[in-house]
Amino acid sequence: MSWWAYKDSAGDWNNTAAVIAAAPKVAVFPSSEAQLTKGLANGAAGCISATVNLNAAAIRALYDATLAGEDITDAEAGIKAFRKIIQDAGLIAAMKAVLSARSGDRRWLNLRAPHENATQTSGEALLAALGPLADHIGRS
């Protein structure tokens, strides 16, 4: 077990790969779940990602399936599509807008500077864009 860890937030796979190669005893976490399977195949420990707050079960299932050597084609495509939709809409505001739209709790729309407040309309549009990929959000 490693007691040292490195979170690479830049999203530059070449940098992540260089850190893994240079520090084999350090647990390296690539930028997001979009690089999870590539990271695991190359010695990364997993991922640390904001969107895990919305999509934890699917990302964990992808992690487990990858380690088990299962076919991850569809799961990885879904994870990457989910991430791209949220990221392209402005990561933090988008996540909060989705939570507000799903829960009906408008308090999720309030963000601190430098972020601009999210909107209920954008949350509803994001849920529509995510389609079945978001069915689990707000469900126990």
Side-chain angles (χ1 to χ4, degrees):
M1 173 185 216
S2 174
W3 292 102
W4 299 98
Y6 174 84
K7 164 62 165 122
D8 186 353
S9 296
D12 176 357
W13 173 253
N14 292 329
N15 184 67
T16 303
V19 172
I20 292 169
K25 293 184 180 183
V26 173
V28 177
F29 297 89
S31 60
S32 76
E33 66 277 17
Q35 293 188 7
L36 176 61
T37 58
K38 183 189 278 188
L40 292 173
N42 289 281
C47 74
I48 299 171
S49 173
T51 47
V52 171
N53 289 292
L54 291 182
N55 208 17
I59 295 167
R60 179 58 196 238
L62 177 62
Y63 174 88
D64 291 340
T66 300
L67 293 182
E70 298 171 7
D71 179 6
I72 57 161
T73 306
D74 291 340
E76 184 174 36
I79 295 292
K80 287 182 175 182
F82 188 104
R83 171 70 188 205
K84 182 164 179 32
I85 290 167
I86 296 296
Q87 183 174 310
D88 287 354
L91 190 65
I92 303 303
M95 291 191 329
K96 301 235 180 195
V98 164
L99 289 169
S100 176
R102 179 66 80 194
S103 70
D105 187 343
R106 298 187 65 82
R107 291 176 294 180
W108 283 110
L109 300 174
N110 300 317
L111 285 89
R112 292 187 179 255
H115 301 286
E116 293 184 22
N117 284 344
T119 67
Q120 194 77 13
T121 303
S122 66
E124 292 163 1
L126 285 164
L127 285 171
L130 289 165
L133 294 173
D135 285 349
H136 64 282
I137 297 173
R139 311 266 194 282
S140 297

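Taking each heavy atom of W13 and G39 in turn, the nearest pair found is CH2-CA, 3.6 Å. When all heavy atoms of A129 and I85 are compared, the closest pair comes out as O-CD1, 3.6 Å. In terms of heavy atoms, L133 sits closest to A81 at CD1-CB, 4.0 Å.
Partners of A93 by side chain to side chain contact (heavy atoms under 4.5 Å, CB included), not counting sequence neighbours, listed by chain and number: L111, A118. R107 pairs by the side chain to side chain donor-acceptor pair (under 3.5 Å) definition with D105, not counting sequence neighbours. Taking A94 as the reference, I86, A89, L126 meet the side chain to side chain contact (heavy atoms under 4.5 Å, CB included) condition, with sequence neighbours excluded. Considering only residues two or more places apart in sequence or on other chains, A134 meets the side chain to side chain contact (heavy atoms under 4.5 Å, CB included) condition with R102, L127, L130, I137.
Both L40 and I59 belong to a common hydrophobic cluster when Ile, Leu, Val, Met, Phe, Trp and Tyr are linked at side-chain heavy-atom distances under 4.5 angstrom. Both V98 and F82 are assigned to one and the same hydrophobic cluster, defined by single-linkage of ILVMFWY side chains at heavy-atom distances under 4.5 Å. Residue V52 is not grouped with residue I48 when hydrophobic side chains (ILVMFWY) are merged at heavy-atom distances under 4.5 angstrom, including chains of intermediate members. A continuous path of Ile, Leu, Val, Met, Phe, Trp and Tyr side chains, each step under 4.5 Å between heavy atoms, connects I72 with I79, placing both in one hydrophobic cluster.
Listed by first and then second residue, the side-chain hydrogen bond (donor to acceptor under 3.5 Å, both in side chains) pairs that reach into residues 86-97 are R83-Q87, K84-D88, sequence neighbours excluded. Applying the side-chain hydrogen bond (donor to acceptor under 3.5 Å, both in side chains) rule to pairs touching residues 56-70 yields R60-D64, sequence neighbours excluded.
Interatomic distance, D8 CG to Q35 CD, rounded to the nearest 0.5 Å: 7.5 Å. Rounding to the nearest 0.5 Å gives a distance of 10.0 Å between OG1 of T16 and CG of N42. Atom-to-atom distance recorded for N110:CG and H115:NE2 is 13.5 Å, nearest 0.5 angstrom. Once rounded to the nearest 0.5 Å, the distance linking CG of L36 with CZ of F29 reads 10.5 Å. One finds the CG atom of L62 at 6.0 Å from the OG1 atom of T37 (value rounded to the nearest 0.5 Å). The distance from the CZ atom of R112 to the CD1 atom of I92 is 13.5 Å, given to the nearest 0.5 Å.
Between the side chains of T119 and T121, no donor-acceptor pair of N or O atoms lies under 3.5 Å.
Other residues, nucleotides and ligands contribute only 12 or fewer heavy atoms inside 6.0 Å of the CG atom of D74.
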### Task
Go through V26 and V19 one step at a time and tell me if the side-chain contact (heavy atoms from CB on, under 4.5 Å) criterion holds.
CA-CA 9 Å; V26 173; V19 172; 5.5 Å; no
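Between the K7 side chain and the S31 main chain, a donor and an acceptor come within less than 3.5 Å of each other. Judged purely by atom type and a 3.5 angstrom limit, H136 uses its side chain to pair as donor or acceptor with the backbone of L54. E33 contributes no side-chain N or O that, together with a main-chain N or O of C47, makes up a donor-acceptor pair within less than 3.5 Å.
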